[in-house]
Amino acid sequence: MTQEELFKKLIAHCKEYGFVFQSSEIYDGLSAVYDYGQNGVELKNNIRRYWWEAMTRLNENIVGIDAAIFMHPQTWVASGHVGAFNDPLIDNKDSKKRYRADVLIEDWMAKLEEKINKEVDKAAKRFGESFDEGMYRQTNPRVLEYQNKINEVNSRMVQALDANDLAEVKKIIEDCEIACPISGTRNWTDVRQFNLMFDTKMGSVSDDASTIYLRPETAQGIFVNYLNVQKTGRMKLPFGIAQVGKAFRNEIVARQFIFRMREFEQMEMQFFVRPGEEMKWYEYWMEKRMRWHKALGLGDQKYRFHKHEKLAHYANAASDIEFQFPFGFKEVEGIHSRTDFDLSNHQKHSGKKLQYFDPENNESYVPYVVETSIGLDRTFLLILSSAYNEEKITKEDGTVDERVVLKIPPALAPVKLAVLPLVKKDGLPEKARKIMDELKFDFACQYEEKDTIGKRYRRHDAIGTPFCITIDHQSLEDDTVTIRYRDTMEQERVPASRLREIMEEKVSMRKLLMNI
Ligand code: ATP
């Protein structure tokens with residue numbers, strides 16, 4: 001199965017088993033907006049809890065807040081989002097498709113890069129052992145021609161974007177003879193700046209003064225509350241503020257399911273430090289966040305860091321944690337050293353002092369900030385894409401069966417245990433209900449008595465339930481039950497009275513948190 005096929009199957013599975021639905025599906029959906037179903041919401045809540053507890057409970061100097069989505073419009077002027085949170089877009093008049101102009105140019109350069117690589121591969125085959133790739137790249141006329149073209153177009157594009165010269169961006173697209181991949185024509189509109197923020201009106205008077213934005217990141221809710229938390233919590237530097245919440249971006253090209261959405265959820269932590277100490281804390285949080293990811297046990301080799309060469313307007317260092325999704329290594333979390341950019345700008349725009357008085361050296365200053373910012377939906381996709389498995393099983397009679405199993409880390413699974421009477425008679429349902437009634441206060445349990453036991457196991461494999469508890473006739477005699485393990489399909493008979501203690505050990509978040 002190719003990775004593309006796997007991804008398609010995963011999307012279908014998410015819908016079939018109540019994890020993710022397209023928003024407003026009965027109206028044919030809303031592009032890049034999704035709803036979480038009965039199992040999805042549980043998984044999402046558990047991921048959120050894993051992050052929240054790792055951040056706030058395990059770090060004595062990090063506290064949480066929950067700021068509103070709507071914020072004073074000046075917030076977004078101060079943060080730079082009104083002026084700079086733009087993508088240049090262009091439409092093809094024939095296909096009516098919309099593109100990011102810079103991405104069209106970058107794709108064109110990537111094609112030339114591919115041509116260079118093909119030339120190099122051909123030459124390497126031709127010359128064998130004696131091939132000197134560096135020399136070839138520097139001297140081969142065709143390679144040089146391609147490379148010069150790339151360099152020239154790249155520097156024109158960077159200059160045009162820096163100068164906000166959109167006519168020049170269009171000219172580059174024309175000069176490179178870039179055609180629309182759908183219609184094949186070069187019938188382009190002008191390039192326009194497109195702000196990624198959604199706006200709406202607040203109050204009953206519709207004039208410009210009442211335009212407000214849906215926040216494009218949760219971070220600003222933390223910055224504007226920095227002093228409230230520092231003072232009321234008597235926090236000493238270094239300290240952090242964590243928040244989980246919705247963010248909204250009017251992404252021009254939205255694809256790859258819940259990887260790039262227009263409404264999504266972020267889990268962000270802003271760590272306030274002494275100026276000059278930010279690099280130490282940046283390294284610290286890179287390492288600590290990577291440990292949080294790897295503690296999930298999905299495979300260390302699936303993660304890597306990607307260091308940003310081109311930095312955002314607010315950062316002096318930035319790295320992404322990338323994960324190997326079915327469509328390649330992609331960003332799931334960003335760790336950014338944001339300097340004092342945000343707090344200083346809020347200070348300037350609000351006229352309120354946002355300084356910290358450092359009792360150790362009797363100085364007041366605006367703290368520097370190191371941010372960790374992870375997408376909850378992307379983490380959800382990351383977990384499901386590595387949990388999804390199709391397996392062939394040889395049954396007792398020798399026939400081969402197939403199962404789809406979600407090997408979700410037990411602490412995060414939507415349902416922790418299924419309580420299943422073997423048959424729907426002889427007092428087994430009553431016994432099972434009694435066990436369920438004891439366990440439901442501690443674990444997310446599901447009771448099921450319909451269909452054969454095999455079918456019920458399959459249904460729970462498909463939603464990632466790590467343990468099925470089966471109650472049979474022997475249970476009535478000696479008060480034992482069997483635990484059936486999702487990943488190995490092995491069964492173990494244990495006293496019903498020990499179930500709570502056994503399950504606690506296997507599914508508790510504690511174990512996960514201790515692994516970080
Ligand atoms: P990308 O380059 O993929 O657009 P970004 O660099 O703009 O992401 P940040 O602004 O650093 O992203 O946001 C932090 C995190 O928020 C990202 O690592 C990602 O997990 C999540 N995120 C950002 N945009 C989206 C989106 N449109 N849909 C889902 N998650 C998102």
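Atoms within a ligand are numbered from 1 in the order they appear, just like the ligands themselves.
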Among all protein heavy atoms, pick out the one at the shortest distance from atom 28 (N) of ligand 1; state its residue, atom name and that distance to 0.1 Å. Met261 N, 2.9 Å
If we set the cut-off at 4.0 Å for heavy atoms, which region of Glu217 has an atom near ligand 1: side chain, backbone, both, or neither? neither
Based purely on interatomic distance, does Ile374 place a nitrogen or oxygen under 3.5 Å from a nitrogen or oxygen of ligand 1? no
For Phe380, does the six-membered ring have the charged nitrogen or CZ of Lys44 within the cation-pi criterion, i.e. under 6.0 angstrom from the centroid and within 45° of the normal? no
Here the atoms of ligand 1 under 4.0 Å from any heavy atom belonging to Ser373 are 13 (O), 14 (C), 15 (C), 18 (O)
So which protein heavy atom does atom 19 (C) of ligand 1 come closest to, and at what separation? Arg378 NH1, 3.4 Å
Relative to atom 21 (C) of ligand 1, which among Ala219, Ala318, Gly334, Gly375 owns the nearest non-hydrogen atom? Gly375
I want to check a possible cation-pi pair here: Arg274 against Tyr365, using under 6.0 Å from ring centre and within 45° of the ring axis as the test. no
Would you say the side chains of Ser373 and Glu268 form a donor-acceptor pair under 3.5 Å? yes
Select the closest option to atom 22 (N) of ligand 1 among Phe248, Phe259, Phe264, judged by heavy-atom distance. Phe264
Which option out of Arg260, Glu331, Gln256 puts a heavy atom nearest to atom 3 (O) of ligand 1? Arg260
Classify the ring geometry between Phe327 and Phe7 as parallel (under 30°), tilted (30 to 60°) or perpendicular (over 60°). perpendicular
Kindly confirm or rule out a cation-pi arrangement of Arg304 over Phe329, judged by NZ or CZ under 6.0 Å from the six-membered ring centre and within 45° of its axis? yes
Look at the aromatic rings of Phe272 and Tyr226 and report parallel, tilted or perpendicular, splitting at 30° and 60°. tilted
Check each of His346, His81, Arg215, His72 against Gln220 using the side chain to side chain donor-acceptor pair (under 3.5 Å) test, and report the only one that passes. His346
Nearest-neighbour protein heavy atom for atom 13 (O) of ligand 1, which is reported as residue plus atom name and distance: Gln266 NE2, 3.4 Å
Heavy atom to atom 9 (P) of ligand 1, shortest distance: which of Glu333, Glu268, Arg249 holds it? Arg249
Before signing off on this row, confirm whether Glu251 and ligand 1 have an N or O atom pair separated by under 3.5 Å. yes
Taking the non-hydrogen atoms of Val332, is any one of them nearer than 4.0 angstrom to ligand 1? yes
Trp285 ring centre to Arg289 NZ or CZ under 6.0 Å, with the angle to the axis within 45°? no
